[in-house]
Asker: 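Structure incoming, see below.
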Amino acid sequence: MPLHLIWAEDQAGGIGQDGDLPWRQRTDLQRFKALTLGHAVVMGRRTWESLPFPLPGRANLVLTRDPSWSDEGAERTTVEEVKARSVAGETLFIIGGGEIYALMLPDASEVFRTVVHTTAEGADTHAPAMDATWSLASSETVPAQEGDQHDQTFEHWTRS
Ligand SMILES: NC(=O)c1ccc[n+]([C@@H]2O[C@H](COP(=O)([O-])OP(=O)(O)OC[C@H]3O[C@@H](n4cnc5c(N)ncnc54)[C@H](OP(=O)(O)O)[C@@H]3O)[C@@H](O)[C@H]2O)c1
């Protein structure tokens, strides 16, 4: 079931603030691009609205409860369709936000989590809790590079 979740959280689990990311982490965005390029990305309607433009080289699938919703560069989808495509063998990346991570985590097989070494004061959106079925497969701490506000740890979680 190749349903992968990918997110960046701070040391208190914060992922968003005022409809945006609470930090600027260029190295994390590069990793995000390398992992997701060529795959469908699935996001909630609020995360879609936070993007300046559709993510290039990826089908941008948007979850909304509004059946009349449409936007240029996006394709409306449903939870059922996302699950069916992953069960059929397609790799899809769930790219946020908080509501959609919590909704899809029970069906995911892998999580790519970045821990940003900060605590964002005023974060209003949080990552879902990962239970004991998840195992940390790899972890690499990378000091802040040019374009990064903070150090970061790249984690890959799997479960059987
Ligand atoms: N740090 C990270 O890695 C990261 C990644 C992505 C986003 N973010 C941040 O997360 C925040 C946004 O997250 P959020 O939780 O507010 O919103 P969200 O998860 O992006 O989107 C929520 C929307 O998804 C739709 N939705 C929810 N459940 C659904 C279902 N069962 N079926 C169909 N549609 C459904 C609804 O859209 P309608 O209201 O249109 O029905 C809902 O309002 C922003 O601050 C963003 O910057 C952070």
Side-chain angles (χ1 to χ4, degrees), residues 3-37 39-87 92-108 110-130 134 136 139-142 144 147-157:
L3 199 56
H4 300 173
L5 269 61
I6 182 166
W7 75 73
E9 66 176 58
D10 70 14
Q11 288 164 318
I15 65 164
Q17 191 170 341
D18 301 327
D20 199 358
L21 300 177
W23 45 70
R24 288 290 171 258
Q25 295 289 117
R26 184 164 171 258
T27 307
D28 184 52
L29 294 180
Q30 289 169 338
R31 177 180 186 255
F32 174 88
K33 183 177 179 185
L35 285 166
T36 59
L37 207 60
H39 299 288
V41 291
V42 180
M43 70 200 94
R45 193 258 313 156
R46 291 206 284 268
T47 291
W48 165 257
E49 287 180 354
S50 78
L51 299 180
F53 44 76
L55 297 177
R58 288 148 283 192
N60 287 237
L61 308 182
V62 176
L63 287 163
T64 171
R65 293 192 179 88
D66 177 357
S68 67
W69 184 91
S70 71
D71 206 352
E72 204 178 322
E75 189 186 321
R76 181 175 180 259
T77 190
T78 62
V79 173
E80 294 70 29
E81 186 192 333
V82 171
K83 289 182 185 176
R85 284 170 65 159
S86 85
V87 167
L92 301 100
F93 279 86
I94 309 297
I95 64 160
E99 271 189 39
I100 300 305
Y101 290 135
L103 184 68
M104 301 308 287
L105 184 63
D107 294 289
E110 299 186 35
V111 169
F112 296 88
R113 180 170 85 166
T114 300
V115 179
V116 182
H117 294 204
T118 186
T119 302
E121 299 297 328
D124 55 22
T125 314
H126 292 83
M130 294 170 71
W134 288 96
L136 185 59
S139 175
E140 181 192 8
T141 295
V142 177
D148 297 337
Q149 292 176 322
H150 311 283
D151 298 345
Q152 57 221 315
T153 300
F154 296 128
E155 298 176 347
H156 181 204
W157 293 78

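Start at 1 and go down the list; that is how both ligands and their atoms are numbered. Everything numeric in this text was worked out from a predicted model, so none of it was measured.
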Asker: If you measure from each heavy atom of Y101 to ligand 1, is any distance below 4.0 Å?
Answerer: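 Yes, Y101 has heavy atoms under 4.0 Å from ligand 1.
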Asker: What protein heavy atom lies closest to atom 12 (C) of ligand 1? Include the residue and the distance to one decimal.
Answerer: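 Ranking protein heavy atoms by distance from atom 12 (C) of ligand 1, first comes T47 OG1, 3.7 Å.
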Asker: Suppose we measure from atom 48 (C) of ligand 1 to each protein heavy atom; which comes out shortest, and what is that distance?
Answerer: I15 O, 3.1 Å
Asker: Would you say D71 and W48 are linked by a side-chain donor-acceptor pair, where the criterion is simply a distance under 3.5 Å?
Answerer: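 Looking only at side-chain atoms, D71 and W48 do form a donor-acceptor pair, the distance falling under 3.5 Å.
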Asker: Going by the order shown, which atoms of ligand 1 are within less than 4.0 Å of some heavy atom of I95?
Answerer: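 In order of numbering, the contacting atoms are 5 (C), 6 (C).
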Asker: Any chance the side chains of T119 and D10 put a donor and an acceptor closer than 3.5 Å?
Answerer: no
Asker: Closer than 4.0 Å to some heavy atom of T64 - which atoms of ligand 1 meet that?
Answerer: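 Ligand 1 atoms under the 4.0 Å threshold to T64: 33 (C), 34 (N), 37 (O), 38 (P), 40 (O), 41 (O).
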Asker: Report the nearest protein non-hydrogen atom to atom 3 (O) of ligand 1: residue, atom name, distance rounded to 0.1 Å.
Answerer: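 Checked against all protein heavy atoms, atom 3 (O) of ligand 1 sits closest to A8 N, 2.9 Å.
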Asker: Side chain to side chain donor-acceptor pair (under 3.5 Å), that's the test. Do T114 and D28 meet it? Break it down for me.
Answerer: CA-CA 7 Å; T114 300; D28 184 52; 2.6 Å; yes
Asker: For ligand 1, which part of T114 has a heavy atom less than 4.0 Å away: the side chain, the backbone, both, or neither?
Answerer: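 Neither; nothing of T114 gets under 4.0 Å from ligand 1.
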Asker: Note the single closest protein heavy atom to atom 43 (O) of ligand 1, along with its residue, its atom name and the distance in Å.
Answerer: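 Of every protein heavy atom, R46 NH1, 3.0 Å lies nearest to atom 43 (O) of ligand 1.
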Asker: Using a strict 4.0 Å cut-off to heavy atoms of W7, name the atoms of ligand 1 that fall inside it.
Answerer: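 Near W7, meaning under 4.0 Å from one of its heavy atoms, ligand 1 has 3 (O).
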Asker: Which residue holds the protein heavy atom closest to atom 32 (N) of ligand 1, what is that atom called, and what is the gap in Å?
Answerer: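 It is V79 CG2, 4.0 Å.
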Asker: Give the contacting part of D20 toward ligand 1: side chain, backbone, both or neither, where contact means a heavy-atom distance below 4.0 Å.
Answerer: backbone
Asker: If I compare all heavy atoms of G19 with all of S50, which pair ends up nearest, and what's the gap?
Answerer: O-CB, 3.2 Å
Asker: Should Q17 be listed as contacting ligand 1, given a heavy-atom distance under 4.0 Å as the test?
Answerer: yes
Asker: Do the side chains of R58 and L37 get nearer than 4.5 Å, heavy atoms only?
Answerer: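 They are in side-chain contact.
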Asker: Tell me which protein heavy atom sits closest to atom 25 (C) of ligand 1, plus the residue, atom name and distance to 0.1 Å.
Answerer: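 For atom 25 (C) of ligand 1, the nearest protein heavy atom comes out as L63 O, 3.3 Å.
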Asker: Could you tell me, atom by atom, which parts of ligand 1 come under 4.0 Å of a heavy atom of E99?
Answerer: 15 (O), 19 (O), 22 (C), 27 (C), 28 (N), 42 (C)
Asker: For residues L5 and L105, determine if any side-chain heavy atom of one lies less than 4.5 Å from a side-chain heavy atom of the other.
Answerer: yes
Asker: Among protein heavy atoms, which lies nearest atom 23 (C) of ligand 1, and at what distance?
Answerer: R45 N, 3.8 Å
Asker: Do H156 and E110 pair up side chain to side chain, a donor and an acceptor below 3.5 Å, judged on atom types alone?
Answerer: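 Distance-only check passes for H156 and E110.
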Asker: Name the closest protein heavy atom to atom 41 (O) of ligand 1, giving the residue it belongs to and the distance to 0.1 Å.
Answerer: R65 N, 2.8 Å
Asker: Which of these, V142, T141, V115, L35, sits in a side chain to side chain contact (heavy atoms under 4.5 Å, CB included) with F154?
Answerer: V142
Asker: Side chains of Q149 and Q25: donor-acceptor distance under 3.5 Å anywhere?
Answerer: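 Looking only at side-chain atoms, Q25 and Q149 do not form any donor-acceptor pair under 3.5 Å.
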Asker: Minimum distance, heavy atoms only, to atom 18 (P) of ligand 1: which one of A120, A123, G97, P22 is it?
Answerer: G97
Asker: Once you round to the nearest 0.5 Å, how far does NE2 of H39 lie from CD1 of I6?
Answerer: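 Interatomic distance, H39 NE2 to I6 CD1, rounded to 0.5 Å: 10.5 Å.
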Asker: Heavy-atom contacts with G98 under 4.0 Å: which atoms of ligand 1 show up? List them by number with element.
Answerer: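 The list of qualifying atoms is 13 (O), 14 (P), 15 (O), 19 (O).
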Asker: May I ask you to decide whether D107 forms a salt bridge with K83, counting only side-chain N to carboxylate O separations under 4.0 Å?
Answerer: yes
Asker: Which ligand 1 atoms, with their elements, are less than 4.0 angstrom from a heavy-atom of G96?
Answerer: 6 (C), 20 (O)
Asker: If we ignore angles and hydrogens, is there a donor and acceptor under 3.5 Å between the side chains of D66 and T64?
Answerer: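 Result is no, nothing qualifies.
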Asker: List ligand 1 atoms under 4.0 Å from G16, heavy atoms only on the residue side.
Answerer: 45 (O)
